[in-house]
Amino acid sequence: MLLGRRVAPQVLSRAGRTQLRSFVSQKEPYETVTLSNGARIITNPLPSHFSCLGVYINAGSRYEPEALVGTSHLIDRLAFKTTAFSSDMDIKSALESLGGNYMCASSRESLMYQGSVFNEGVEEMFKHFADTITSPLLLDEEIEEQVNIAYYEISEINKKPEVILPEIFHSTAFSNKTLGSPLLCPVENLPNINHNLLYNYRSLFFKPENTVFSFIGVDTDNALKLVEKYYSNNLENKGNFESSNMGLQVNKDYAHYTGGETSLPSIPNPASPQKFSYLHIGFEGLSIDDPDIYAAAILQTLLGGGGSFSAGGPGKGMYSRLYTQVLNQYGYIDNCVAFNHSYIDSGLFGISASCLENAEPYLVEIVCRELAHTFEDGKQGLKPKEFQRAKNQLKSSLLMNLESKMVELEDIGRQVQILGKKTPLFDIIGKIEAVSLQDVKNVAKRILTGNAQNKGNGTGRPTIVLQGNREAFDDVEGTCKRYGLGRFTPSESTKEPKKKWFF
Amino acid sequence: MFRNFSRLNKSILNPSNIRKLATAAPPGPQVSVLANGLTVASQSVPYALTATVGVWIDSGSRSEDSKNNGVAHFLEHLAFKGTQTRSQRDLELEIENIGSHLNAYTSRENTVYYAKTLQPNINHSLEILSDILTKSSLATNAIDRERDVIIRESEEVGKMYDEVIFDHLHAVAYKNNSLGRTILGPIENICSLQRNDLVEYIKENYKGDRMVLVGTGSVNHDELCEFANKSFGHLLKSKIPNVFGQPKTIKTHSFPDFNSDEIKIKESSLPETYMALAVEGTSWNSPDYFTALVCQALAGNWNRSVPVNNGSPGIQIAIGTGHHGEPLANSYMSFSTSYIDTGLWGMYITTDGIENYKLIQAILNHWKELKKGMFYKHQFETAKSQLKASLLVSVDGTTALAEDIGRQMVNTGKILSPEEVFDSVNKITEDNVVDWFNKKLGAGKLAIAALGNQVDTMPSHKEICNEMVRYN
């Protein structure tokens, strides 16, 4: 075991101020290589009982030019179909016979192919990954089938507030551009999806210099051989990047945060006798490379929250603020949880919540109050104990997640993709441990008063997404102003603040 | 270098080379037994900064009689409600403050308490575990408060039809045996169990030789043993020594004869019909344990979102298009469940159709084909690969590893390494599988549980049993 040193753990944990960093090795097993064609490889060569492989491509909804909006979604669904080398059925049956643990997913800033397999199956699985990435035929009948499934998928997702509201939150916060560009292909664009469009998408994004390979349980020499034998050779032999070029450009705009409001009618749910309304309030958050990112993560953990039915047992945040101050206090609030998304140049931070119908104005008031308390100094301000607890929980959830090789695979692959290197855990833990209570209060003020000040020069307005009876929610932005949340242009903030009527 | 890679491949396939591979992989689990019979099993993971520590107890609802059925599960609930030195709030806050997670569950044969924790807090988490296990206060007001919670849980389970069907299936297959009773127990028991019932159950079952202390991740075996001695060393040994993986000599553990019978519950308000058909399967320690799992994978699963075409297995075509091109069922799932001395192997089916006669026939026909060895080589190999993947690739993280080690130790008395599991599955031949199918599916004994609006369109129990032995 390559741990720094052993200290009597009981003494340390009793003191409640364990410096975990002293347990973290400064030496990490990772190795990175850049190939002559620009593709990058990161490996964790430590052998285990199974291996993981991932491929990360700089693509995704934020980079889509106008003509390609929604195409990432279909590219993802068309993974592992017929290639120049194998039929659809052969690929499927080969991957199934390797255990069937493989997937492709598109997100706002990445397209990911990931799988895990027993060690003897690594080469076979990688071959199919390389084939589907370099040489898909994109047959018309395959495209048609996936487009039809997409119609169904979109209609199903629109029925699920917990899935669709975060998506609408992004499109509202960034006015449908960059990070607000839709993850799912808009229904009106589905009829335009064809071979030529997909081909142009691929020629724009599927380039070796945009590609990162990540391996766990495979040493660097073997990883190199695999990438060269299957990926690089396929690229050279197939000459995949030529055809009826539409002359498109990757959308490289900075994410410009605008804020704003969107409200949706509620969807009747015959299975449930109770009707719920949904509220998401948030502000521009921090980018992945922001120095305050760990303070913001502690703030999110400290707010915590979840569902009213169960906190999931000791250790899952049952003493976080949104449990003690909200869910344990108000029976009509069903769900209340803090969210924190970080992207390359911007982010989103806020609270999502739901309540029984007719409790909407109370919910708005309570959520705004809790957000405002986080940067106040008075009796309701953040306390050292809860700060220390949140800090410990952040460290443990980070490290517990990284126990999983699949999580580690994505983490190292995406770090190389975004930052160009893997940040050692030793540094991350050190940065978390260095955060002070004042740092958390400062970051709360920075974000929640609309002063994230990212590269995209965003406005400071709140983003508000509602589902339910709009009237019942009343003036949500006005309530934000009253609590000092958000930043408004002078003409907006001169409005007479509403009288407090609830507390 | 690439040659190196293929040599590694071969070494996995060739049993004589396994030792070589094992030295490259991290060292296997360490096992020690204390004077009172408590086993300590640990597996350290290189570079790990976290750990899962827990106690796997060789006791569950099977160790109950009809009067105290539900007590094992009740006790698990009470564990988090305070100890002689910690109030419920103290306990919760202590765990929350150090960023650990505490979890517990009860099954028919096991009760499990574990904590996930950062390395510096391993001993602190262990100390809390030993506190809740050996010094739980079992306050009568906490017991009374918990009744409502458990009744609510029972109502929730009642809405999960797969759970309901499997409870009925156990009741049919293991009639008049503790294995046939539910884990939560009947509502009457939940309402009437008293503090003394919990105390008696602990006295009877929480013995040193029925426990395994498991640690995985950033753990040190010697430290775990030292801790176990200090905190659990005082527990008594069973009067008749308990041996993991062997039938118990305690009075609730009589041998569960497999009972060929059925229960069909007509429930017109349900939009679907749920059914399970099971033959006697294999016990944890049976030499056929992995064979039964390959057979399960080969018998397969399906649901309506999986497209059916000419290349699909016969049963998928039969069920997926059997009703004028429309599916006969919404889904089917093969299962293989093991206990110390018995097991259940079969299929769970959900349908909103009315042609349940045809549906059951399609399943029996599929089983008959399996008995005759009517499957392709690649289907057999895929079944084995999927099994290996589900056994090995799913062990991702210290909690899954602790679960794997604890479950194996407490139910079989030994821990197979991943290489041994791999090897056991690889060695299974098509003949082994066909033999197993004939032995089990040809015995003419079947337990059936069904619930829903169309139970009466199913063939009778007798008809199904006759059909199963017809071409023997």
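Below, read A as the first sequence line, B as the second, and so on, with proteins coming before strands; counting in each chain starts at 1. All heavy atoms count here, side chains included; hydrogens, waters and symmetry mates do not.
- If you tally non-hydrogen atom pairs under 4.5 Å between each of A383(B), A104(B), A389(B), S385(B) and chain A, the highest count goes to S385(B).
- With a 4.5 angstrom heavy-atom cutoff, L402(A) does not touch chain B via any of its atoms.
- Only the side chain of N103(B) has a heavy atom closer than 4.5 Å to any heavy atom of chain A.
- In this structure, the portion of R152(B) lying under 4.5 Å from any heavy atom of chain A is its side chain and not its backbone.
- Between chain B and the options G100(A), P29(A), S397(A), the largest number of non-hydrogen pairs under 4.5 Å is found for P29(A).
- Using a distance-only test at 3.5 Å, with no hydrogens or angles considered, a donor-acceptor pair links the side chain of S214(A) to the main chain of L409(A).
- Contacts between V407(A) and chain B at a heavy-atom distance below 4.5 Å are absent for every atom of the residue.
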Subject >> Derivation and outcome, ring-ring contact (aromatic ring centres under 6.0 Å, His included), residues F126(A) and F215(A) >> reply: CA-CA 10 Å; F126(A) 186 79; F215(A) 292 88; 5.6 Å; yes
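- When heavy atoms are compared at a cutoff of 4.5 Å, S417(B) does not approach chain A at all.
- With respect to the salt-bridge test (charged N to carboxylate O, under 4.0 angstrom), the residues E127(B) and R86(B) qualify.
- In terms of the ring-ring contact (aromatic ring centres under 6.0 Å, His included) criterion, residue partners of F80(A) (sequence neighbours excluded) are, by chain and number, Y102(A), F129(A).
- With hydrogens and angles disregarded, no donor-acceptor distance shorter than 3.5 Å links the side chain of Y114(B) to the backbone of A402(B).
- Only the backbone of S100(B) comes within contact range of chain A, with at least one heavy atom under 4.5 Å from a heavy atom of that chain.
- Both the backbone and the side chain of L93(B) have a heavy atom closer than 4.5 Å to some heavy atom of chain A.
- In this structure, chain A has a heavy atom under 4.5 Å from the backbone of A51(B), while its side chain stays farther away.
- In this structure, the side chain of D88(A) does not engage the main chain of K81(A) through any donor-acceptor pair within 3.5 Å.
- When the ring-ring contact (aromatic ring centres under 6.0 Å, His included) test is applied to H77(B), the partners found at least two apart in sequence or on another chain are H73(B).
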